[in-house]
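Read through the structure below, which is laid out as structure tokens, and then see the notes.
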Amino acid sequence: MGELKRSHTCNDLGADHIDQEVTLMGWVLRRRDHGGVIFIDLRDRWGISQIVFNPELNSQSHGKAHVLRSEWVIAVRGKVTRRPDGMVNTNLKTGEIEVMVNELRILNSSLTPPFPLDEDIEVSENLRLQYRYLDLRRPGMADNLIMRHKACQALRTFLNDENFLEIETPVLTRSTPEGARDYLVPSRVNAGKFYALPQSPQLFKQLLMVAGMDRYYQIVKCFRDEDLRADRQPEFTQVDMELSFIVEEDIYRIAEGVMTSLFAATKGLALQTPFPRMTYADAMERYGCDKPDTRFGFELISLTEVVRNCGFQVFRTVVEKGGQVKSINAKGCASFSRKDLDDLTAYVANFGAKGLAWVKVKEDGEWQSPIAKFFTADERTAMATTLDAQPGDLLFFVADNAVVVRSALAELRLELARRLKLIDKKTFNFLWVTDFPLLEYDPEQKRHTAVHHPFTAPVEEDMALLETEPGRVRSRAYDLVLNGTEIGGGSLRIHQKEVQDRVFAALSIAPEEAADKFAFLLKALELGAPPHGGIAFGLDRLMMIIAGRDTIRDVIAFPKTQKATCPLTDAPAGVARKQLTELHLRPDWQ
RNA sequence: GGGGUCGUAGUUCAGUUGGUUAGAACGCCUGCCUGUCACGCAGGAGGUCGCCGGUUCGAGUCCGGUCGGCCCCGCCA
């Protein structure tokens, strides 16, 4: 670069800078070579400036400019001038001016890029990941990373003002039972022993509370060796926090403050607080899931009692066997075609529904439906009343056990909203889901497992049920849901050893196993653990929603493919035999 | 572990019922062009139709397998 020093970025210049001598550096986005005058759109992280090579002004740099191609890296020195009348580009922030180049330095050439960097051209994701450093030059992707940075800055400022300490916890730690599959790291120094990468810093942040740190947070990588999805990566980032001497309301206030500061910084939006709340039981009843998208209606309505003794054998049998019949009234959807209905039936089959009964309510109130004939007029009236069925409505029914009914209808509800384009992308509906059950029965393991995690405090008044009806014990856990995506969750923790012992017992974790795996936690609880609790947000999911993307890969600089590989580095990869023997590993493959 | 979907030029895609030499746009290369901004004009190069096998006189097209991308179920306290 010689003595050249960048004076401005490619987004800085405007009418205020006219006649100034400036130096810009960046990448060649496009060149328009007229034989005489040559225009180059110069791009950097901040924006685009048009630079002009005019043979009459400086024939030497103009001569040099002919070789410039896409993505060459250059520095130019020249004078800012107002563009001629009628030549202003209103699509560009710097469109009022251009830089007449006196001196061109070619800092680096570039091969022809393997894919165009134009924003509007879709490129296969595999290729984008293989050349991620080119993909990230595209303004949309760069903006996502910039926005992520702003979000982190905003929440750091907010939490700092709220007296939080940012403290790091170990990445090499020990595997604990329960939860997701661990990523393991063999120990060289301790033959046959392994570290595990943390699924979350859960126990360490609790120990920081015992340590008297009072308020902790961390923007931290977590690792779970499970299959990937559009919103799940094997390594992901949590905004993790924990507080002492607090109750649920304190957490809600802090979390709402974090979200408010974050949305102000990234979207310039003022969120309404406090966020609405809904109990887990209500969410399951009305939406069939614990993370309802409240941007549209189509709530689930129970017909179990209405059809208990009805003439339709399928419904009656399901109810007799202890199952449920629930319905969605798709308002105004009676115009759905037979194919629409077949598609939706096939769709809910993915979630276990053996069928999808439907009724079209015609203009005269009559039912057009394959199942209409099985119901008496009175039964039809009772159903119509319960469902508030009006002419033009389309009623869907699923009859099965509770799990199938709610998951099928919850997914049907979302699919209907997508098909009918009911979802407003500019709406951000937050929702606290509260009063989760503490435990749920796992028929495979033939024992109860923790709905949240084993350190979640039970609701005081339900404690007596721990030994008698563990499935009915409510927990002091809460999730934060945004537009139907779980973006965070947490709980008040158990801070007394006796309570922790009782919960371990309810989880069928033997005292010896608890002592082996959690001795350090149990000991800490006996050494002055304060009441405490916390919450963790999924930063990737949050940024995905804020950026309006469909996958968290678009807000992660270097994400993995669905097979958990990295096309850029070709990780994971084999290692030398010697590395394995040092780690006391003797593989039986190869 | 399972279901779905895609794979053709550097990129994004088209490719009829299985039939001659596999096309388009953009990009790339050469030349021309002094006010463009997705500059324009003329010409040119560029293909193991993911891979393997099968059916057939003949396969980008049909069949089987396999590899890879994506979406989903299971899984993810």
Side-chain angles (χ1 to χ4, degrees), chain A residues 29-42 48-57 59 62 66 69-71 81 83-92 94-95 98 100 111-131 134 176-182 199-200 202-203 222-234 236 346-352 407-408 411 414-415 436 438-440 442 444-445 448-456 475 477 486 489-491 503 507 509 536 538 550-551 553 560-563 565 567:
Chain A
L29 176 61
R30 265 185 289 270
R31 111 197 119 99
R32 292 177 292 279
D33 185 343
H34 288 241
V37 68
I38 298 172
F39 299 98
I40 300 267
D41 291 336
L42 192 66
I48 294 166
S49 288
Q50 174 165 281
I51 60 177
V52 186
F53 296 89
N54 191 319
E56 288 166 8
L57 188 74
S59 63
H62 174 264
H66 279 293
R69 293 294 183 274
S70 284
E71 300 310 312
T81 59
R83 293 197 189 184
D85 284 350
M87 299 297 165
V88 169
N89 185 342
T90 50
N91 297 322
L92 231 51
T94 59
E98 57 198 357
M100 306 300 292
L111 301 172
T112 301
F115 57 87
L117 301 193
D118 299 58
E119 197 64 47
D120 46 333
I121 292 171
E122 288 256 336
V123 180
S124 90
E125 195 169 0
N126 202 32
L127 195 64
R128 287 171 52 202
L129 290 180
Q130 200 180 333
Y131 297 94
L134 297 182
T176 53
E178 312 282 308
R181 191 177 296 109
D182 283 319
Q199 296 176 28
S200 85
Q202 182 60 37
L203 293 176
C222 302
F223 305 87
R224 295 178 189 174
D225 187 3
E226 299 291 350
D227 286 350
L228 290 81
R229 290 284 188 282
D231 63 352
R232 271 164 39 188
Q233 286 271 303
F236 61 101
Y347 187 72
V348 296
N350 293 327
F351 308 97
S407 61
E411 296 294 343
L414 294 171
E415 177 64 14
F436 279 81
L438 184 71
L439 309 166
E440 66 188 345
D442 178 355
E444 255 181 45
Q445 298 183 52
H448 283 86
T449 57
V451 169
H452 189 56
H453 59 51
F455 320 107
T456 299
S475 71
E486 182 199 326
S491 63
V503 170
L507 288 166
I509 298 176
D550 295 322
T551 164
R553 294 187 297 276
K560 305 243 178 332
T561 66
Q562 194 166 54
K563 280 222 164 65
T565 65

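A, B, ... follow the sequence lines: proteins, then strands. Residue 1 opens every chain.
Between the P atoms of B/C49 and B/U61, the separation comes to 10 Å (whole Å). Taking atom P on both B/G3 and B/G19, the two are 31 Å apart, rounded to the nearest angstrom. Atom C1' of B/A22 sits at a distance of 8 Å from the matching atom of B/G60, rounded to the whole Å. Going from the P atom of B/U16 to that of B/C33 covers 44 Å, rounded to whole Å. For the C1' atom pair drawn from B/U20 and B/C28, the interatomic distance equals 30 Å after rounding to whole Å. Separation of the C1' atoms belonging to B/U55 and B/C62 is 8 Å when rounded to the nearest angstrom. The separation of B/C13 from B/A9, taken at their C1' atoms, amounts to 11 Å, rounded to a whole angstrom. Comparing the C1' positions of B/C57 and B/C52 gives an interatomic distance of 23 Å, to the nearest angstrom.
Comment: A/Arg32 engages A/Asp41 in a salt bridge, judged by a side-chain N to carboxylate O separation of less than 4.0 angstrom. Between A/Arg553 and A/Glu125 there is a salt bridge, since a side-chain N of the basic residue sits under 4.0 Å from a carboxylate O of the acidic one.
In the set B/C75, B/U11, B/C28, the nucleotide with an atom closest to the side chain of A/Ser70 is B/C28. With distances taken from any side-chain atom of A/Ala230 to the nucleotides B/U34, B/C71, B/U36, the minimum falls on B/C71. For A/Arg229, taking side-chain heavy atoms from C-beta onward, the closest of the listed nucleotides B/C71, B/C73, B/G27 is B/C73. Here the side chain of A/Val37 is nearest to one of B/C37, B/U34, B/C75, namely B/U34. Residue A/Arg232 has its side chain nearest to B/G74 when only B/C71, B/U11, B/G74 are considered.
Between A/Asn54 and A/Pro113, the one whose closest nucleotide on RNA chain B sits nearer the 5' end is A/Pro113. Annotation: of the two residues near RNA chain B, A/Glu178 and A/Phe351, the 5′-most nearest-nucleotide partner is A/Phe351.
Checking side-chain atoms of A/Ser475 against main-chain N and O of A/Phe436 turns up a donor-acceptor pair under 3.5 Å. A/Arg31 places no side-chain N or O within donor-acceptor distance of the main-chain N or O of A/Ile38, the cut-off being under 3.5 Å. Remark: side-chain polar atoms of A/Gln233 are not paired, donor with acceptor, to backbone N or O of A/Leu228 under 3.5 angstrom. Side-chain atoms of A/Gln199 come within 3.5 Å of backbone N or O of A/Ala180 as a donor-acceptor pair. At distances below 3.5 Å, not a single donor-acceptor pair connects side-chain atoms of A/Arg69 with backbone N or O atoms of A/Thr112.
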I'd like a table of atom pairs between the protein and nucleotides 66-69 of chain B - only N or O on both sides, under 3.5 Å - with the distance next to each one.
from: B/G69; atom 1: OP1; to: A/Thr561; atom 2: OG1; distance (Å): 3.2

What N/O pairs connect the protein and nucleotides 1-8 of chain B at under 3.5 Å? Give each pair on its own line.
none

Polar-atom pairs under 3.5 Å, protein N or O versus N or O of nucleotides 39-44 of chain B: list them with distances, or write none.
from: B/C39; atom 1: OP2; to: A/Arg30; atom 2: NE; distance (Å): 3.4
from: B/C39; atom 1: OP2; to: A/Arg32; atom 2: NH1; distance (Å): 2.9
from: B/C39; atom 1: N4; to: A/Asp33; atom 2: O; distance (Å): 2.7

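The aromatic rings of A/His62 and A/His66 stand perpendicular to each other, their planes meeting at an angle above 60°, with 30° marking the opposite boundary.
No contact: A/Thr456 has no heavy atom under 4.0 Å from any strand. As judged by a 4.0 angstrom heavy-atom cut-off over every strand, A/Pro454 is placed among the base-contacting residues. Residue-level contact check: A/Val52 touches neither bases nor backbone, having no heavy atom under 4.0 Å from any strand. A/Arg128 comes within contact range of no nucleotide atom at all, as no heavy-atom separation falls under 4.0 Å. Counting any heavy atom pair closer than 4.0 Å across all strands shown, A/Gln199 reaches no nucleic acid atom. As judged by a 4.0 angstrom heavy-atom cut-off over every strand, A/Pro116 is placed among residues touching the sugar-phosphate backbone only. Using a 4.0 Å heavy-atom distance criterion, A/Gln50 is classed as a base contact. Among the heavy atoms of the strands lying under 4.0 Å from A/Pro55 is at least one base atom, whether or not backbone atoms are also near.
Residues A/Leu29 and A/Ser70 share a closest heavy-atom pair of O-OG, 3.9 Å. Residues A/Leu507 and A/His448 come closest through the heavy atom pair CD2-O, 3.6 Å. Nearest heavy atom pair, residue A/Arg232 against residue A/Asp227, reads NH2-O, 2.7 Å. Taking each heavy atom of A/Ser407 and A/Phe351 in turn, the nearest pair found is OG-O, 3.6 Å. Residues A/Tyr347 and A/Glu411 come closest through the heavy atom pair CE2-O, 3.6 Å. Contact record, A/Glu178 with A/Pro454: CG-CG, 3.8 Å, taken as the closest heavy-atom pair.
Summarising the base pairing, B/G46 is matched to no nucleotide, lacking a Watson-Crick or G-U wobble pair whose two defining distances lie under 3.5 Å. If you check B/U11 for Watson-Crick or wobble pairing at under 3.5 angstrom, you find it paired to B/A25. Base pairing of B/U5: its partner is B/G69, meeting the Watson-Crick or G-U wobble criterion (both donor-acceptor distances under 3.5 Å). Of the nucleotides present, B/C57 is the one that pairs with B/G19 by Watson-Crick or G-U wobble criteria, both distances under 3.5 Å.
As rounded to whole Å, 10 Å separates atom P of B/U11 from atom CD of A/Gln130. Between the OH atom of A/Tyr347 and the P atom of B/C72 there is a distance of 9 Å, given to the nearest Å. Remark: C1' of B/G27 and CG of A/Leu127 are 14 Å apart, rounded to the nearest angstrom. Rounding to whole angstrom units, CG of residue A/Leu29 and P of B/C37 are separated by 14 Å. Between the C1' atom of B/G35 and the CD atom of A/Glu56 lies a distance of 12 Å, rounded to the nearest Å. At whole-Å resolution of the value, CG in A/Leu134 and C1' in B/U11 are 13 Å apart. In this structure, CG of A/Asp442 is placed 12 Å from C1' of B/C75, rounded to the nearest angstrom. Between A/Glu98 atom CD and B/U34 atom C1' the separation is 12 Å, expressed in whole Å.
When side chains are defined from C-beta on, A/Asn89 does not count as touching A/Gln50, because their heavy atoms never get closer than 4.5 Å.
B/U11 has no stacking from A/Phe115 on its base ring, since the centres under 5.5 angstrom apart and planes within 30 degrees of parallel are not both found.
For a distance-only test at 3.5 Å, the side chain of A/Arg553 fails to qualify as a donor-acceptor partner of the base of B/C70.
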